[in-house]
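Worksheet for the structure shown next.
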Amino acid sequence: MASITTEEESKLLIVLPGDQLPESGLMEDSSAAHRLTLGPGLAPMDDDSITAVKAGILKHNAVGNRWWVESNQRRYVAAQGESIIGVVTGKSAEHYKVDIGASQPALLGVLAFEGATKRNKPNHNIGDLLYCRVSMANKDMEAELECMNPTTGKADGFGELKGGFVIKISLGLARRLLDPKNLVLRLLGQHIPFEMAVGTNGKVWVNSASTQHTILICNAIRNSEYLNSGECSAMVKSLVEKM
Amino acid sequence: MAEIPHKTTLSGKLLTMKFMQRQQEQETRDKLVKEQKRIVTEAHWVIDQATVDLPKPKFQVDYEPSFLQMNATERSSVGRMSFQKFNSAVEKSASQTAGEQQLERELKRQRQSEISDDEMAKEMGRSNKAKKTKEAAKSSQSKKPTTNRRAPPKPSSGGGKFMKPKE
């Protein structure tokens, strides 16, 4: 098992599954309580060391002494609090069965919408697109969703997505698109009016005035995965000019 | 005339009366309860502490399965976006959410450096000597034993007392 030496902060620390983290590096910012928050990609092993279980870049956030591995994959694993785009695949008396791209379909309660009561239930059909939030997820049960903000009870952008087009992207790109200052989206927004929703489960919904625009936006998003900012602006420019 | 020997036992009819029965019932109930207790305490098995040696405690680990929570202190994340007024309701709520998240981050940063009123009063109330003795006592206390295994085994430092499972 290789062990990692933490070097300067500016260097990228690439880890492979099986690499152990050095204890001295982990204790740097912790207070006397030695509390550690492990994000995805790290797991403690039987010999009390912390080992990477995913391949990627080791990241660290001093607030709360958080360590995680920034990796990429296409299969989604539901985690609580994330916003996702799902497709209704079944209806029952109490729940909608929603396909979110995880290993199991998720359940969305029929009353988990803004202002829904037993008399006033929203009616969704099989095949509808919903932008929801994961309210509960663990590895033993099907995930549960809700279409509203839990603290305020308002919709806050969740709910049915009408029209538009959905593309499937990798999870890493979806996370980068969630940043409101994302470059490719800002550049596209300067040239084309459109709206979109990003699901952490690797799905992006795009809606614009014409199909040509929608196709252009989807292609731009797909192409931008491995481009840096300079290449990204060049790519968007070339696409927009061709229109 | 010969004296009639007095019977020392109570008559049968007396025994069937309610107030006599109550005493009997109480006694049988006590006996049953005692029997139950005995059965339950005999089922409490305790491992002899000397034979089990648990590893030295290291970190206390919290698990966070979501990537978004990792960087939540630095970046806002807005799910639905709209550009050039395509959907004005979405644009409004998006800027609102981004603003709210930024506000939360700023407040969190502020709160970390502040101290609440109660804590302040406590600090001022304690005299210097009391503070010093309290700190010395705290540091000599043994830390809560933890390991970073997923199912932390709990050693009972109180010499092998049975721990009742939580209901």
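What you see is a predicted model, and the numbers here were worked out from it, not measured in a lab. Note on naming: letters A, B, ... go to the chains in the order of the sequence lines (proteins, then strands), and numbering restarts at 1 for each one.
- Ranked by heavy-atom pairs shorter than 4.5 Å toward chain A, the options B:Ala94, B:Gly79, B:Ser93 are led by B:Gly79.
- Counting heavy-atom neighbours within 6.0 Å of A:Met243 CE, excluding the residue itself, gives a total above 12.
- In terms of non-hydrogen atom pairs under 4.5 Å with chain B, the most contact-rich of A:Gln80, A:Glu195, A:Gln190, A:Lys59 is A:Glu195.
- Within a 6.0 Å sphere centred on CD of A:Gln73, heavy atoms belonging to other residues, nucleotides or ligands number more than 12.
- Of the listed residues (A:Thr200, A:Asp156, A:Val198, A:Val77), the greatest number of heavy-atom pairs within a distance under 4.5 Å of chain B belongs to A:Val198.
- Residue contact with chain B, scored on non-hydrogen atoms closer than 4.5 Å, involves the backbone of A:Leu177 exclusively.
- Of the two parts of A:Ala174, neither the backbone nor the side chain holds a non-hydrogen atom closer than 4.5 Å to a non-hydrogen atom of chain B.
- Proximity to chain B (any heavy atom under 4.5 Å) is shown, for A:Asn182, by neither the backbone nor the side chain.
- Heavy-atom proximity under 4.5 angstrom to chain A picks out B:Met81, B:Ser82, B:Phe83, B:Gln84, B:Phe86, B:Asn87, B:Val90 from residues 81-90 of chain B.
- Around the NZ atom of A:Lys237, the shell of radius 6.0 Å holds no more than 12 heavy atoms that belong to other residues, nucleotides or ligands.
- For A:Val69, the part lying under 4.5 angstrom from a heavy atom of chain B is the backbone only.
- Comparing A:Ser208, A:Gly41, A:Ser83 by heavy-atom pairs within less than 4.5 Å of chain B, the highest count is held by A:Ser208.
- Here CD of A:Glu82 is found 9.0 Å from CZ of B:Phe67. Values are rounded to the nearest 0.5 Å.
- With a 4.5 angstrom heavy-atom cutoff, A:Thr37 touches chain B via backbone and side-chain atoms both.
- Annotation: side-chain contact (heavy atoms from CB on, under 4.5 Å) contacts of A:Ala137 (sequence neighbours excluded): A:Ala78, A:Val134, A:Ala143.
- Contact between A:Ala79 and B:Ser66 at its shortest, heavy atoms only, is CB-CB, 3.8 Å.
- In this structure, B:Arg80 and A:Trp205 approach most closely via the heavy-atom pair NH2-CZ3, 3.8 Å.
- A 6.0 Å sphere centred on CG of B:Asp117 holds no more than 12 heavy atoms belonging to other residues, nucleotides or ligands.
- Only the side chain of A:Leu161 comes within less than 4.5 Å of a heavy atom of chain B; its backbone N, CA, C and O stay farther away.
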